Amino acid sequence: VLNAPAQEEDLSFLVYPNPAAAQEEFSILVNTSELARFGVQVVDVLGRAVFAAAGMVGKPLKIGRGLAPGVYLVVVKVNARRHTQKLIVK
């Protein structure tokens, strides 16, 4: 009997609103089939972390107020997995 290879669980996240206004909060919603905590970092174009927080999968995490206008990368880590998405602040 052959064993099927284990499939990596899907991980997706949504950053909204995107683009966001400079004084507006934005939310991150992480979805995966496992119930877990996640870490998030917002990084500027120079690679400097400007914000970091933690949340629970399936529950929106509100962050952001006070980010200067520009382009940022939102990095989400769940266990050993890491995904990145661009955020624009007007």
Side-chain angles (χ1 to χ4, degrees):
V1 176
L2 296 175
N3 289 330
Q7 294 184 0
E8 185 178 68
E9 296 179 45
D10 292 336
L11 170 64
S12 65
F13 74 97
L14 178 64
V15 178
Y16 60 94
N18 191 7
Q23 295 303 317
E24 180 179 29
E25 281 187 334
F26 62 94
S27 297
I28 298 173
L29 179 61
V30 177
N31 289 309
T32 182
S33 57
E34 61 188 87
L35 183 60
R37 292 189 62 76
F38 67 88
V40 63
Q41 257 191 336
V42 179
V43 180
D44 68 13
V45 293
L46 299 176
R48 297 177 297 201
V50 295
F51 183 86
M56 285 296 296
V57 167
K59 295 183 179 180
L61 176 64
K62 292 183 184 274
I63 58 175
R65 273 188 201 183
L67 290 179
V71 177
Y72 297 87
L73 294 177
V74 178
V75 182
V76 170
K77 296 177 188 174
V78 177
N79 297 327
R81 293 175 292 167
R82 176 182 167 150
H83 290 269
T84 304
Q85 193 172 111
K86 181 169 58 171
L87 169 67
I88 299 170
V89 177
K90 294 182 185 181

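Atoms considered below: every heavy atom in the structure, side chains included; atoms not considered: hydrogens, waters and symmetry mates. All figures in this text were calculated on a predicted structure; none of them were measured in a lab. Residues take their numbers from the sequence shown, with the count starting at 1.
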Check the hydrophobic clustering (I, L, V, M, F, W, Y; side-chain heavy atoms under 4.5 Å; chains of links allowed) and say if [X] and [Y] are grouped together.
X   : Y   : answer
F26 : F51 : yes
V57 : V15 : yes
V30 : L73 : no
V89 : L61 : yes

As an exercise, state the distance from [atom1] of [X] to [atom2] of [Y], rounded to the nearest 0.5 Å.
X   : Y   : atom1 : atom2 : value
H83 : F38 : NE2   : CZ    : 13.0 Å
Q85 : S12 : CD    : OG    : 9.5 Å
M56 : R37 : CE    : CZ    : 6.5 Å

In terms of side-chain geometry, is the basic nitrogen of E24 or K62 positioned less than 4.0 Å from the acidic oxygen of its partner?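 Result for this pair is no, no salt bridge flagged.
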Do [X] and [Y] have side chains that get closer than 4.5 Å, going by heavy atoms?
X   : Y   : value
Y72 : K86 : no
L29 : F13 : no
V42 : I63 : yes
L67 : V50 : yes

Picking from V78, I28, V75, what satisfies side chain to side chain contact (heavy atoms under 4.5 Å, CB included) with V40? I28
Polar side-chain atom of N79 near backbone of R81 as donor-acceptor pair, under 3.5 Å: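 Absent.
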Pairing residues for N18 by the side chain to side chain donor-acceptor pair (under 3.5 Å) criterion, not counting sequence neighbours: none
E25 to P17 - nearest heavy-atom pair and separation: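 Reported closest heavy-atom pair: O-CD, 3.9 Å.
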Correct closest heavy-atom pair for A49 and Q41 would be CB-NE2, 3.5 Å
